[in-house]
Amino acid sequence: MAALALAWGPGCGNTCIDLCKEYELYLHECGYGWSTAFEDKGWSSIDDCYDEYWSPTAEEEAWCAEQIDEYADRACY
């Protein structure tokens, strides 16, 4: 059972899921909400981001990796 929990651990090797977590951290730190920050996507929670990127293409994975770096350095504005 522990092996199964580890296999489904954070990110599961999916860079886009890691990006969703980075978004969550940024929104929390800056006091923004999902529905406001991602109104154009129609997201209201991290679960919507997970749904979008659960099975990303290679192109999406590359884009997500770039976005993670950008969000890690982004200041609240």
Side-chain angles (χ1 to χ4, degrees):
M1 188 61 96
L4 182 59
L6 290 174
W8 289 99
C12 301
N14 179 337
T15 307
C16 293
I17 296 300
D18 293 337
L19 176 60
C20 293
K21 293 174 185 176
E22 192 66 42
Y23 285 160
E24 177 83 350
L25 215 145
Y26 172 77
L27 294 174
H28 178 73
E29 287 179 359
C30 297
Y32 302 133
W34 279 91
S35 56
T36 302
F38 294 100
E39 181 179 18
D40 59 327
K41 291 184 173 274
W43 293 352
S44 60
S45 73
I46 194 170
D47 292 331
D48 295 323
C49 185
Y50 288 163
D51 290 345
E52 177 86 16
Y53 293 121
W54 194 254
S55 299
T57 65
E59 290 175 358
E60 287 174 326
E61 281 274 359
W63 180 84
C64 289
E66 291 174 9
Q67 292 298 302
I68 286 174
D69 289 340
E70 185 178 312
Y71 269 84
D73 296 332
R74 184 173 278 190
C76 299
Y77 56 92

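- For the pair Ser55 and Asn14, the tightest heavy-atom approach, listed with the atom from each and the gap, is N-ND2, 4.5 Å.
- By the 30° and 60° cut-offs, the orientation of the rings of Trp43 relative to Phe38 is tilted.
- Applying the ring pair (Phe, Tyr, Trp, His ring centres under 6.0 Å) criterion to Tyr50, with sequence neighbours excluded, gives no partner residue.
- Partners of Asp51 by side chain to side chain donor-acceptor pair (under 3.5 Å), not counting sequence neighbours: none found.
- Using bins of under 30°, 30° to 60° and over 60° for the plane-to-plane angle, the ring pair Tyr71/Tyr26 lands in the perpendicular bin.
- Applying the salt bridge (Lys or Arg N to Asp or Glu O under 4.0 Å) rule to pairs touching residues 59-77 yields Glu70-Arg74, sequence neighbours excluded.
- Contacts of Trp34 classified as side chain to side chain donor-acceptor pair (under 3.5 Å), with partners at least two apart in sequence or in another chain: Glu24.
- When all heavy atoms of Asp48 and Gly42 are compared, the pair lying nearest together is OD2-O, 4.1 Å.
- Partners of Ser35 by side chain to side chain donor-acceptor pair (under 3.5 Å), not counting sequence neighbours: none found.
- Partners of Glu29 by side chain to side chain contact (heavy atoms under 4.5 Å, CB included), not counting sequence neighbours, listed by chain and number: Leu25.
- Note: Asp47 CG to Glu52 CD = 13.5 Å, rounded to the nearest 0.5 Å.
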